Amino acid sequence: MESEPAQIAATSRRADIRAGMQDSFGVGLGIFPLGFALGMLVIQAGLPWWLTPALSIGIFAGSVELFLVGLLAAYAPLITIAVTVFALNFRHVFYPFSFPLHKVRRGWPRWYSMYAMIDEAYATYTIMPDKSITSARMVTGQLCMQGYWVAGGLLGVLVANSLPGPIAGFEFALTALFIVMTMDAIRGKREIPSAVLAGLAVTVAMVTMPEQALLAALVLFTLSLVGRYLWQRARDTLLEEPGNAEEQA
């Protein structure tokens, strides 16, 4: 017979798995439609259907996958694809500093948790009380989140293949997605300068390097954001000096 401690551990593990599935449900309501859009876009772009699960399993980076469909369909240069993916996903470099990876068991669970550290998983587990987080709960939640994405993509492929022809204007869904994300990001006045810098970067890139406008715009925007950060830090340091603080008062 199974010992009592083992039974307690198995019961606790099942409870953690159920909790992880529950954690992913609210996120899945948003992930599944985006996965569906990815499947539709892949077929409408004339790309092979298997690219959908390949992107969803091999990359699993949300908006980047949607963006990659357009780049692959346009036969964009490899350097453009690499720089674009790097720029869009650069924020993930800082996620491990506050993401509770230490709660995940070493080995493949931790490697998978690092790989599946999407924005939604980060938002879910960084605000959760530390005592409520377990390895089984986090890994289950992230697996389910990816499952929603893959399932949505496959359904999108099936629906797109069953239609008599492409839906006119559906490719604008990706543009609309990024417009909504941008509007949400600049809702506060503090981020309006970033939007202005982005507009200037795109304008300069289109005028000076029309054939590589996307790559040039990303580089210019990144440099301008770095410049803005350094300027703000220098200004804040200056304001924090005793003499300047008294003058401001």
Side-chain angles (χ1 to χ4, degrees), residues 1-42 50-69 85 88-159 177 180-181 184-185:
M1 292 182 61
E2 193 175 13
S3 63
E4 185 176 348
Q7 289 180 338
I8 295 174
T11 301
S12 177
R13 183 176 178 82
R14 286 194 292 268
D16 291 337
I17 290 173
R18 286 194 298 270
M21 295 173 69
Q22 292 172 354
D23 295 339
S24 70
F25 180 71
V27 172
L29 293 177
I31 288 179
F32 188 86
L34 287 176
F36 180 85
L38 173 66
M40 292 283 290
L41 284 171
V42 166
W50 52 261
L51 188 63
T52 300
L55 289 173
S56 301
I57 296 172
I59 299 179
F60 189 38
S63 57
V64 170
E65 295 176 47
L66 292 164
F67 203 75
L68 276 176
V69 173
V85 172
L88 290 176
N89 274 353
F90 185 70
R91 66 190 183 280
H92 290 270
V93 173
F94 304 99
Y95 280 2
F97 294 115
S98 52
F99 193 68
L101 270 175
H102 64 281
K103 303 289 288 188
V104 182
R105 185 164 53 89
R106 292 181 180 274
W108 76 262
R110 183 170 294 185
W111 283 106
Y112 176 76
S113 186
M114 292 170 61
Y115 154 75
M117 199 188 303
I118 58 173
D119 297 340
E120 292 81 2
Y122 178 85
T124 298
Y125 292 111
T126 53
I127 64 173
M128 189 176 292
D130 194 67
K131 63 181 180 180
S132 301
I133 303 174
T134 64
S135 178
R137 181 173 186 170
M138 278 185 61
V139 174
T140 299
Q142 290 178 280
L143 278 168
C144 290
M145 290 176 194
Q146 187 168 19
Y148 283 117
W149 183 258
V150 175
L154 292 175
L155 180 61
V157 167
L158 291 174
V159 172
L177 170 65
V180 172
M181 292 172 65
D184 187 61

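Residue indices begin at 1 and follow the sequence shown. Remember, it's a predicted structure, so these values are computed and weren't measured experimentally.
- Note that the CD atom of Q22 and the OG1 atom of T140 stand 11.5 Å from one another [nearest 0.5 Å].
- The shortest non-hydrogen separation linking S56 to L38 is OG-CD2, 3.6 Å.
- Ring-plane geometry between F99 and Y122 is classed as parallel, the angle between the planes falling under 30 degrees on a 0 to 90 degree scale with a further cut at 60.
- Remark: the backbone N or O of E120 is paired with a side-chain donor or acceptor of T124 at under 3.5 angstrom.
- Going from atom CG of L68 over to atom CG of L41 covers 12.0 Å, rounded to the nearest 0.5 Å.
- Among residues two or more places apart in sequence or in another chain, the side chain to side chain contact (heavy atoms under 4.5 Å, CB included) test is passed with L51 by V42, L47, L55, L72.
- Contacts classified as salt bridge (Lys or Arg N to Asp or Glu O under 4.0 Å) and involving residues 134-154 (residues at least two apart or in different chains) are given here: D23-R137.
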Inset, instruction - Any chance you could lay out the side-chain hydrogen bond (donor to acceptor under 3.5 Å, both in side chains) test for Q146 and Y115, step after step, and finish with the verdict? - result: CA-CA 11 Å; Q146 187 168 19; Y115 154 75; 3.0 Å; yes

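- Nearest approach of S113 to Q142, heavy atoms of both residues: OG-OE1, 2.7 Å.
- For the pair S24 and G141, the tightest heavy-atom approach, listed with the atom from each and the gap, is CB-O, 3.6 Å.
- Annotation: M21, atom CE; neighbour count of heavy atoms from other residues, nucleotides and ligands within 6.0 Å does not exceed 12.
- The side-chain heavy atoms of Y112 and V104, taken from C-beta on, include no pair separated by under 4.5 Å.
- Side chains of L158 and L154 form no contact here, defined as non-hydrogen atoms less than 4.5 Å apart.
- Taken from OG1 in T52 to CD in E65, the straight-line distance is 9.0 Å, to the nearest 0.5 Å.
- The minimum heavy-atom distance linking P33 with G28 is given by the pair CD-O, 4.1 Å.
- Here the shortest heavy-atom pairing between I17 and A136 reads CG1-CB, 4.5 Å.
- For the atom pair CG (D16) and CD1 (I133), the distance works out to 11.0 Å, reported to the nearest 0.5 Å.
- Between M40 and G156 the shortest heavy-atom distance is SD-O, 3.4 Å.
- Residue pairs that meet the salt bridge (Lys or Arg N to Asp or Glu O under 4.0 Å) test with at least one member in residues 93-117, sequence neighbours left out, are K103-D130.
- Rounding to the nearest 0.5 Å places CD1 of I31 at 5.5 Å from CZ of F60.
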